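What follows is a set of notes on a single structure, which appears directly below.
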Number of protein chains: 2
Amino acid sequence: MSMKELLESLKSNGYKITEQRKSIIQVLTSYNNKFISVETLFNESKKIYSKTNMSTVYRNLEILENLNLIHKILTKEGISLYQLISTTTHHHHIICKRCGKTEVIDFCPISSFEKLSKNKNFTLTDHKFELYGYCFNCENLKDS
Amino acid sequence: MSMKELLESLKSNGYKITEQRKSIIQVLTSYNNKFISVETLFNESKKIYSKTNMSTVYRNLEILENLNLIHKILTKEGISLYQLISTTTHHHHIICKRCGKTEVIDFCPISSFEKLSKNKNFTLTDHKFELYGYCFNCENLKDS
DNA sequence: TTATATGCAAAAGATTTGCAATATA
DNA sequence: TATATTGCAAATCTTTTGCATATAA
């Protein structure tokens with residue numbers, strides 16, 4: 001989703017367009033389908049609009065998440081990562097544990113489980129499928 | 001893995017067997033393949049050995065994780081959950097977002113991706129596949 | 001006996017919140 | 001102008017750490 005569309009979405013939900021919001025959204029869109037940490041988002045946003053404050057970043061991430069415009073994951077190390085929700089196809093990721101390089105996997109194993117979960121009387125709402133490892137570069141640099 | 005085996009494993013790695021450790025491991029084993037939060041683990045451990053301290057719980061969870069005896073996940077809400085690593089088959093979970101009820105899925109979608117990741121020059125090391133939703137009970141209680 | 005483990009309290013790090021000031025519509 | 005938004009600082013929550021004391025082997 002483009003910056004313009006995201007701002008429209010906020011506006012149509014009654015939110016005002018502030019410089020801070022614009023800077024946050026600009027950074028998010030520039031990251032496309034990649035995950036970004038709160039700290040990086042904060043630092044990058046400040047480069048665009050220097051007054052952006054950390055509380056503002058958190059508050060806006062919450063708004064965007066509630067509007068289903070961004071997606072949050074927490075790494076095992078406790079780092080919160082956000083990414084824009086893709087408007088194209090549903091997909092998952094391979095994530096490099098060293099450099100964070102993220103590649104899209106255009107396949108989702110969920111369909112096989114819709115039946116299974118019915119058998120278990122489970123209503124599925126979310127799922128997570130992520131592959132972790134090392135990209136070619138990092139694999140070769142790993143021990144250096 | 002049984003409590004006895006876990007204690008053996010600690011002992012053979014040079015760790016001493018303390019009452020605190022026993023209480024923590026007893027709770028973990030009683031939870032089998034289910035996830036338990038640090039707070040619950042702490043509270044349950046205290047019921048068995050009242051002197052167990054929160055720092056001790058954290059320190060022992062770290063030891064057990066390093067020995068590859070337990071597995072940690074972080075929920076989107078930032079809650080750390082631990083479970084004993086099953087010595088039986090590799091599997092994944094369906095987790096109820098309301099009551100935490102966890103059921104085992106004895107299928108893993110990873111094999112389909114081993115080839116794919118090679119094409120992408122990615123060395124796979126870990127993966128995560130979790131289904132979230134509501135179990136039958138919670139589905140019906142959700143809005144109450 | 002001696003190294004490991006623990007308890008306690010303080011520190012650290014991430015996130016949230018109250019409130020007064022500010023900016024958008 | 002009225003209401004939503006922000007900045008700041010303090011509060012909160014989880015986890016970690018230093019150090020003196022206790023305990024398993």
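Since the structure is predicted, the reported quantities are computational estimates derived from the model, not experimental observations.
Counting all heavy atoms, side chain and backbone alike, A:I70 lies closest to A:L61 at CD1-O, 3.4 Å.
Remark: C1' of C:dA10 and CE of B:M54 are 16 Å apart, rounded to the nearest angstrom. One can place CD of A:E39 at 10 Å from C1' of C:dG13, the figure rounded to the nearest angstrom. The distance between atom CD of A:E19 and atom P of C:dT22, rounded to the nearest whole Å, is 17 Å. One atom, CZ of A:R59, and another, P of C:dT22, lie 16 Å apart when rounded to the nearest Å. Rounding to whole angstrom units, OH of residue B:Y15 and P of C:dT6 are separated by 11 Å. The nearest whole Å value for the distance from the CG atom in B:L10 to the P atom in C:dT4 is 15 Å. Between A:N53 atom CG and C:dA21 atom P there is a gap of 17 Å when expressed in whole angstrom units. With rounding to whole Å, B:K51 atom NZ is found 17 Å from C:dA5 atom P.
Proximity of B:R21 to the phosphate of C:dA5: a side-chain N or O atom is located under 4.0 Å from OP1 or OP2. Residue A:S55 places none of its side-chain N or O atoms closer than 4.0 Å to OP1 or OP2 of C:dT16. Note on B:T18: every side-chain N or O is 4.0 Å or more away from OP1 and OP2 of C:dA5. Within the structure, a side-chain polar atom (N or O) of B:N60 is placed less than 4.0 Å from OP1 or OP2 of C:dT6.
Once rounded to the nearest 0.5 Å, the distance linking CD of B:E8 with CD1 of B:I17 reads 8.0 Å. Between atom CD1 of residue B:I24 and atom CG of residue B:N60 there is a gap of 4.0 Å, rounded to the nearest 0.5 Å.
The nearest heavy atom of DNA chain D to A:Y49 and to B:K11 marks one nucleotide each, and the one closer to the 5' end goes with A:Y49.
Evaluation of the side chain to side chain donor-acceptor pair (under 3.5 Å) rule for A:S9 yields no partner, not counting sequence neighbours.
Contact check on B:K47 versus B:E44 returns a salt bridge, with a Lys/Arg side-chain nitrogen under 4.0 Å from an Asp/Glu carboxylate oxygen. Between B:E19 and B:K22, at least one side-chain nitrogen of the basic residue sits less than 4.0 Å from a carboxylate oxygen of the acidic one, meeting the salt-bridge criterion.
Scanning DNA chain D 5' to 3' for nucleotides with an atom closer than 4.0 angstrom to a non-hydrogen atom of chain A gives a first and last hit of D:dT3 to D:dA9.
As judged by a 4.0 angstrom heavy-atom cut-off over every strand, A:I17 is placed among residues touching the sugar-phosphate backbone only.
Transitive grouping of hydrophobic side chains (ILVMFWY, heavy atoms separated by less than 4.5 Å) keeps A:Y49 and A:F42 in distinct clusters.
For A:K16 against C:dA23, no side-chain N or O and base N or O form a donor-acceptor pair under 3.5 Å.
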